[in-house]
Enquirer: 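I am attaching a structure below and will ask some questions about it afterwards.
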2 protein chains.
Amino acid sequence: MLCTEKGREVTETEFLAAYDPAEYERLSVAVDVVVLTVDEGELRVLLVRRTEHPHVGRWAVPGGFVAPDESLDNAAARVLAHKAGLDGIFLEQLYTFGAVGRDPRTRVVAVAYYALVDAARLAAAAQAAGAVLATVRVAWAGETGGPAEARDPDGAVLPLAFDHPEVLGTAVLRLRGKLDYAPVGFPLLPERFTLRDLQEVHETVLGRRLNRDSFRRRMLASGQLRATGDHERDVPYRPAEFYTAVAALARPAEQ
Amino acid sequence: MLCTEKGREVTETEFLAAYDPAEYERLSVAVDVVVLTVDEGELRVLLVRRTEHPHVGRWAVPGGFVAPDESLDNAAARVLAHKAGLDGIFLEQLYTFGAVGRDPRTRVVAVAYYALVDAARLAAAAQAAGAVLATVRVAWAGETGGPAEARDPDGAVLPLAFDHPEVLGTAVLRLRGKLDYAPVGFPLLPERFTLRDLQEVHETVLGRRLNRDSFRRRMLASGQLRATGDHERDVPYRPAEFYTAVAALARPAEQ
DNA sequence: AAAATAGTGTCTATGAGACACTATAGT
DNA sequence: ACTATAGTGTCTCATAGACACTATTTT
């Protein structure tokens, strides 16, 4: 059952020395990063306008090809840093899109990631990078799933490149699913936030209103929040206390 | 902002005709399929013994390289059919593993899938394919995550190839997570099953005992079960009624 | 009859939703 | 004083766990 060559077994070292990678056809592998935030009750995504073929002029999530000497996670972090100017934020693998005709140039397998960041930081990064923040709309409720649509601030639909409607829809679906059991809301908020801010983030992501009393009890009982003792200022009503997330959401280690 | 060549804009058609895929380095892309079942209170995985370098003699989940003209889903279904003789069973993308050194031959990005099948069918398929069914053990509880280990029927640990301990661990984690909200137990059972069978599957996957009364109520109230009116035979106690899953779990459509 | 599990009914504990009430800021 | 929201306490309802009891088969 072992490989033989001239009547004797070859060792793994000999095999690897003689191995020719061109024996199997290779594919282009890209990472696409869906950078999401919540602002003013809307889910927003960072999009860049394509300046080259294919799909010139259409809008795309930042992406780039994976180099032979970098891991997928590193490639995604590199794309996030170079194309969006963002560093050290929540970043997690989402899904891999590999339909044959998804890129008209050649066969490209895209490993999609999603990143979460607070609205103020993303607004600054988008401006510096020359990107736009588009509102995300999905035509489905709950955890049904399906493509998503991006609109500019005037409500006009932005044409998306490649299969990015599906990529964006998958990111929304993942976010909704995670919010039910994971503290995924915190990366979307600044370090200090009120319970009202947190509830608005949850409601925006889930696309439905939540019960205030129940949400408050559940969050305080979860042990994920630490009260700061500080309160809001200059609000025309009783100021709410600021909280912080008790444990920073750990970045998953490279596989 | 558009590409120019000799002072005029090029159309997308012209661009694609002149596009050279070799401009970017390409990678090998493989699919690995984790085929799982539950039998005798144990989670089992189908493994094949590697007959070629690298990792000759070690055990691996069935895998294969993705051809340029097939989608990832199709490649996974092909591997499942050719290497395990299984067709038309639950198959879903799991996670993509892309660490640089995970394959000693060359850079290989592995898109892992997991498949679920009932124990009797998998036992027959494994025998026909010359594969083994190994018991899966994880050293972690709940949804912690981490690598998994495979043991033969005598309890001896089978050495796994590549990063397959992580791949296997990721599959167990996904299965546990899905069981909480999705009817993922049904693909692991034959068409007709008792509530006891279903509970045993859930307990095995989750790695903990469940409350009988509560499980029964929850399942019957879920609307996912249809009573058949038939009952077990030749059991030394009151025979339980057979149920069927009311809706076959739809295979996700190709992206 | 004994043993073992299926299946039903009921009580209790827990958590979500609803509501009432008090607290605290700006206007 | 008025308004708007923060924060607390309590009631109700739905669901999970626990337990008791009956049903049905083989040995």
Side-chain angles (χ1 to χ4, degrees), chain A residues 38 40-41 142-143 176-177 179-183 185 189-190 192-246, chain B residues 38 40-41 142-143 176-177 179-183 185 189-190 192-246:
Chain A
V38 167
E40 296 174 8
E143 316 250 326
R176 286 189 178 176
L179 209 50
D180 290 333
Y181 61 92
L189 287 165
R192 287 151 40 100
F193 52 87
T194 65
L195 282 170
R196 176 176 178 74
D197 295 332
L198 185 59
Q199 182 171 350
E200 279 179 358
V201 163
H202 278 241
E203 289 178 340
T204 302
V205 169
L206 295 177
R208 63 187 174 87
R209 303 303 301 269
L210 298 172
N211 180 278
R212 186 187 73 123
D213 304 328
S214 174
F215 182 82
R216 175 183 202 81
R217 258 183 319 212
R218 194 154 46 90
M219 286 300 138
L220 290 177
S222 74
Q224 296 172 353
L225 296 178
R226 194 178 62 243
T228 63
D230 286 348
H231 293 75
E232 293 178 297
R233 289 166 196 277
D234 302 320
V235 290
Y237 43 79
R238 174 169 172 178
E241 185 165 10
F242 284 119
Y243 288 82
T244 60
V246 70
Chain B
V38 167
E40 295 173 9
E143 316 250 325
R176 286 190 178 174
L179 210 51
D180 290 334
Y181 61 91
L189 287 165
R192 286 151 42 101
F193 52 86
T194 66
L195 282 169
R196 176 175 178 75
D197 295 332
L198 185 59
Q199 183 170 349
E200 279 179 357
V201 163
H202 278 242
E203 289 179 341
T204 302
V205 169
L206 295 176
R208 63 187 173 87
R209 303 303 301 268
L210 297 173
N211 180 279
R212 186 187 74 123
D213 303 328
S214 174
F215 182 82
R216 175 182 201 81
R217 257 183 318 213
R218 195 154 47 89
M219 286 300 137
L220 291 177
S222 73
Q224 296 172 356
L225 296 178
R226 195 178 60 241
T228 63
D230 286 348
H231 293 74
E232 293 179 298
R233 289 165 197 277
D234 302 319
V235 289
Y237 46 78
R238 174 170 171 176
E241 186 166 9
F242 283 119
Y243 288 81
T244 60
V246 70

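Labels below follow one simple rule: chain letters A, B, ... track the order of the sequence lines, proteins then strands, and each chain is numbered from 1. What's counted below: heavy atoms across the whole structure, side chains too, no hydrogens, waters or symmetry copies.
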Enquirer: In whole Å, I'd like the distance from the CD atom of B/Glu232 to the C1' atom of C/dT5.
Expert: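 Taking atom C1' of C/dT5 as the reference, CD of B/Glu232 is at 9 Å.
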Enquirer: Could one point to a donor on the side chain of A/Arg212 or the base of D/dG7 with an acceptor on the other under 3.5 Å away?
Expert: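 A donor-acceptor contact between them is present.
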Enquirer: Both B/Thr194 and A/Val235 contact DNA chain C. Taking the nearest nucleotide for each, which residue is further toward the 5' end?
Expert: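 The 5'-side residue here is B/Thr194.
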Enquirer: Can you tell me how far P of D/dA6 sits from CZ of A/Arg233, to the nearest Å?
Expert: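 Rounding to the nearest Å, CZ of A/Arg233 and P of D/dA6 are 17 Å apart.
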Enquirer: In whole angstroms, how far is the P atom of D/dG7 from the CD atom of A/Gln199?
Expert: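 A/Gln199 atom CD is separated from D/dG7 atom P by 12 Å.
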Enquirer: What's the shortest heavy-atom distance between A/Arg176 and A/Val205, and which atoms?
Expert: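 For A/Arg176 versus A/Val205, the nearest heavy atoms are NE-O, 2.9 Å.
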Enquirer: Starting the side chain at C-beta, find the nucleotide from C/dT8, D/dT5, C/dG17 nearest to A/Ser214.
Expert: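 The answer is C/dG17.
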Enquirer: Give me the one residue out of B/Thr244, B/Asp197, B/Asp230 that meets side chain to side chain donor-acceptor pair (under 3.5 Å) with B/Arg192.
Expert: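 That would be B/Asp230; it is the only one of B/Thr244, B/Asp197, B/Asp230 passing the side chain to side chain donor-acceptor pair (under 3.5 Å) with B/Arg192.
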Enquirer: For A/Arg196, report the nucleic acid contact type (base, sugar-phosphate, nothing); a contact means any heavy atom under 4.0 Å.
Expert: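 Contact class for A/Arg196: sugar-phosphate only.
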Enquirer: Looking at B/Arg209 and B/Glu203, is any side-chain nitrogen of the basic one under 4.0 Å from a carboxylate oxygen of the acidic one?
Expert: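 Yes, charged N to carboxylate O under 4.0 Å.
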Enquirer: Ignoring hydrogens and angles, answer whether the base of C/dA25 and the side-chain atoms of A/Arg238 contain a donor-acceptor pair closer than 3.5 Å.
Expert: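 No pair found.
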Enquirer: Mind calculating the distance between CZ (A/Arg208) and P (C/dA16) to the nearest angstrom?
Expert: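 Atom-to-atom, A/Arg208 to C/dA16, this comes out as 12 Å.
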Enquirer: Do the side chains of A/Thr194 and A/Phe242 get nearer than 4.5 Å, heavy atoms only?
Expert: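 Sidechains of A/Thr194 and A/Phe242: in contact.
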Enquirer: Between B/Arg216 (CZ) and C/dT10 (P), how many Å, whole number?
Expert: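 So the CZ-P distance, B/Arg216 to C/dT10, works out to 16 Å.
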Enquirer: If you assign A/Pro236 and A/His231 each to the DNA chain D nucleotide with the nearest heavy atom, which residue ends up on the more 5' nucleotide?
Expert: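 Residue closer to the 5' terminus by nearest nucleotide: A/Pro236.
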Enquirer: Does the base of C/dG17 carry an N or O that pairs as donor and acceptor with the side chain of A/Arg217 under 3.5 Å?
Expert: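 Per atom types, the contact qualifies.
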Enquirer: Can you name the nearest heavy-atom pair linking A/Gln199 to A/Leu210, along with the distance?
Expert: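 For A/Gln199 versus A/Leu210, the nearest heavy atoms are NE2-O, 3.0 Å.
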Enquirer: Rounded to the nearest Å, what distance is computed from the CE atom of residue A/Met219 to the C1' atom of nucleotide C/dG15?
Expert: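 Between C1' of C/dG15 and CE of A/Met219: 14 Å.
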Enquirer: Which of these nucleotides, C/dA25, D/dT8, C/dT8, is closest to any side-chain atom of A/Asp213?
Expert: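 Of the candidates, D/dT8 comes closest.
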Enquirer: What integer distance in Å separates B/Phe215:CZ from C/dG7:P?
Expert: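 The distance from CZ of B/Phe215 to P of C/dG7 comes to 13 Å, rounded to the nearest Å.
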Enquirer: Please report, rounded to the nearest Å, how far the P atom of C/dG7 is from the CG atom of B/Leu220.
Expert: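 Interatomic distance, CG of B/Leu220 to P of C/dG7: 9 Å.
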Enquirer: Using a 4.0 Å heavy-atom cut-off across all strands, classify A/Glu241 as base, sugar-phosphate, or nothing.
Expert: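 Touches sugar-phosphate only.
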Enquirer: Reading DNA chain C from 5' onward, which residue's closest nucleotide shows up sooner: A/Asn211 or B/Leu195?
Expert: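 Residue closer to the 5' terminus by nearest nucleotide: B/Leu195.
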